[in-house]
Amino acid sequence: MTSILQNNMTTPPASDSEPMLDLPMELQQMLLQAVEQDASDIHLDSGSSRPALRFRVDSTLYVQRRLESKESALRLINQVRVSAGMHIDAIWTPEQGQFRWRWKDKVVDIRVTVAPTVPDNLALHMRLLRPPHQLHGLDELGLSESNLQTVRNTLKRSDGLILISGPTGGGKTTTLYAMLDSGMFDDKLIATVEDPVEYELPDARQLEVDPKHELTMAEGLRTLLRMDPDVLAVGEIRDSASASTTAMAALAGRLVLATIHAQDAASTITAFHRMGVPYYVIGHTLRLVINQRMMRKLCRHCANSRTLEKHEEELFKSYGIEVPQTLYDPNGCSQCHERGFHGLVGIFETLATNNQFGYWLSEGRTPPAIQQRIGEQGCQPLIACALEKAAKGQTSMSEVHALMNQYD
């Protein structure tokens, strides 16, 4: 096995003519196993007599194997640190690095974080990023046809604010990049400010937050606004300064796309307001809210079919979803590594606003009133979307119930 290492994740994939560097066999095997299983993250902690090497696959953490000793874990962590250009002697402070791994036709950009943990141990996290050409298109996210058309219509606007919300790991960044790379902005100047930049977008101006050099999210936005952008993307709104600057950018006539943490469409609006943005500004600028989660997809090779139980029929009816004849449960086979699931599918709550909603919101509303108004507009909740995915055999009822438990 051979690999090529580069210290800049946003550089183009290495060509076959570039020199190839050898990685230790143990590290090669770990990376190959992770890529073959479509893992998004690798975790390893040295603080155990038999440390667990863990992969996150389809949002779920699995123990891949247990290492023989603490020394084995430290050896593997140090191999990663060297590959990522870290200082091997810096064991008392957290470090970040990155490298690109290539084997045959696979190219993976890897972001590495190593942190000291008590007593005298190290924790390793590796995020595996797919190249831009492997990212999802808009029509591959899992949006319904009507919601997909709503998104496309909104992206045709020359101004306003699009908020993409959900939890960490909910697919917000994937949706953001799918919008930016949808081909709808080919005649527009795209600028982004991210923390960090995850993928390189051709012809886009991408700024990365760098507190060491006083480049904050808000300062990055202000800088980009002076550079004549048509479309602005904000990697994640985390504070009042970036929220206010984002709103002002939309108010100034730009189309702004931003991600934010929130549980549903209504709390997306209230979270943005609580960061210091007045309701009259939100009402004037907001065009679309997409709240989303990721659900595990059933393995199509081994899913078991079954008839519905009575309480499941009632659940479908209560959300106005046509009751299916058959549901499917996870089983497990060699194709899905005996997990019963393979891949992820998005579920979405999509709120398109209009002038009437904007004027109503501008007067200042309570969170319960916003929740009620959104429901009256026929905005499909996430659980209803999840039930539709189960009815189509894309996911299981166990996944639906796991989602419902988050709202209890």
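Atoms considered below: every heavy atom in the structure, side chains included; atoms not considered: hydrogens, waters and symmetry mates.
- Defined by atom type and a distance below 3.5 Å, a donor-acceptor pair is present between the side-chain atoms of Asn78 and Arg81.
- Under the rule for a ring pair (Phe, Tyr, Trp, His ring centres under 6.0 Å), the partners of His43 that lie at least two apart in sequence or sit in another chain are His125.
- Between Asn147 and Thr150, the side chains place no donor N or O within less than 3.5 Å of an acceptor N or O (distance only, hydrogens not considered).
- Under the 3.5 Å distance criterion, with hydrogens and angles disregarded, a donor-acceptor pair is assigned to the side chains of Asn291 and Ser165.
- Asp109 CG to Leu129 CG: the interatomic distance, rounded to the nearest 0.5 Å, is 6.5 Å.
- With no hydrogens or angles considered, a side-chain donor-acceptor pair links Glu388 and Gln380 at under 3.5 Å.
- Side-chain contact of Gln372 with Glu376: a donor-acceptor pair under 3.5 Å is present, judged by distance alone.
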### Task
Would you sort out whether Arg287 and Asp159 count as a salt bridge (charged side-chain N to carboxylate O under 4.0 Å, His left out), showing the intermediate values?
CA-CA 9 Å; Arg287 304 285 180 260; Asp159 66 343; 3.7 Å; yes

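- For Gln292 and Glu349, the side-chain atoms include no donor-acceptor pair closer than 3.5 Å.
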If you look only at distance, which donor and acceptor atoms sit under 3.5 Å apart when one is on a side chain in residues 59-66 and the other is two or more places apart or in another chain?
from	atom 1	to	atom 2	distance (Å)
Tyr62	OH	Arg296	NH1	3.2
Gln64	OE1	Gln37	NE2	3.0
Arg66	NH1	Arg50	O	2.9

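- Take Arg238 and apply the side-chain contact (heavy atoms from CB on, under 4.5 Å) test, not counting sequence neighbours, and it matches Asp195, Glu236.
- We find the CG-CD1 distance between Leu44 and Ile77 to be 4.5 Å, quoted to the nearest 0.5 Å.
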